[in-house]
Amino acid sequence: MRTQKVIAMTGDVDHGSLRILLTSRPAGVSCEGDIDFCTRRILVRALAMAVERTDGDLHADLRSVGFVDVGGLRVLAETAFGMAGDRRLIVEGLRPHTRRIVELCGWTEVLSVGPGTVTTVG
């Protein structure tokens with residue numbers, strides 16, 4: 001059973017169409033809403049905060065995200081590349097159409113797509 005515990009949330013992370021909670025179990029973020037041009041910078045800040053809070057793998061739970069644009073996927077990939085050592089960014093709950101965008105963009109070398117889960121290789 002997955003246990004999520006909210007450890008922080010700031011006003012900058014809670015936007016009208018995207019809400020992000022920092023979690024401790026698993027370490028990472030839980031997102032709700034849409035990730036697009038208007039909310040992308042919020043995701044960048046939340047992921048940066050989460051990366052600083054853990055030495056291990058980082059999880060991004062996107063099960064409650066209805067839409068992720070290509071720029072949002074790029075933020076995830078850039079975060080994975082910026083993580084030191086053999087740490088991974090594990091993206092959970094991508095919808096089928098979003099996984100398809102990853103494939104169409106040729107990002108399967110950066111994002112390893114599995115059923116409902118993307119594990120970044122970085």
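If you read the sequence from its start, that first residue is 1, and numbering goes on from there.
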* Structure fact -> Rounded to the nearest 0.5 angstrom, the CG-CD1 distance for Leu73 and Ile35 is 8.0 Å
* Is there side-chain contact between Arg88 and Met83, with at least one heavy-atom pair below 4.5 Å? -> no
* Of the non-hydrogen atoms in Val75 and Arg40, which two are nearest, and what is the gap between them? -> CG2-CG, 3.4 Å
* Can you measure from CG (Leu62) to CG (Leu43) and round to the nearest 0.5 angstrom? => 8.0 Å
* **OG on Ser30 to CZ on Arg63, rounded to 0.5 Å** => 7.5 Å
* Asked: Between Leu89 and Ala80, which heavy-atom pair has the shortest distance, and what is it?
  -> CB-CB, 4.1 Å
* Asked: Looking at Ala50 and Leu22, what are the two nearest heavy atoms and their distance?
  -> CB-CD2, 4.1 Å
* For Leu58 against Thr54, the heavy-atom pair lying closest together -> CD1-CG2, 3.9 Å
* Structure fact -> Closest heavy-atom pair, His59 versus Pro26, reported as atoms and distance to 0.1 Å, is CD2-CB, 3.4 Å
* Asked: If we only count heavy atoms from C-beta on, is the Asp36 to Thr39 side-chain gap below 4.5 Å?
  -> yes
* Donor-acceptor contact present, side-chain Arg95 to main-chain Val65, <3.5 Å -> yes
* Applying the 4.5 Å side-chain criterion to the ILVMFWY set and letting contacts propagate, would Ile42 and Phe67 be lumped into a single cluster? -> no
* CD1/Ile90 to CG/Asp61 distance, rounded to the nearest 0.5 angstrom? -> 12.0 Å
* Are Glu78 and Val44 close enough that some pair of their side-chain heavy atoms sits under 4.5 Å apart? -> no
* Has the side chain of Arg87 got a donor or acceptor atom that lies under 3.5 Å from a matching backbone atom of Asp55? -> yes
* Write down the atom of Leu18, the atom of Ile20, and the distance for their closest heavy-atom approach. => CD2-CD1, 3.7 Å
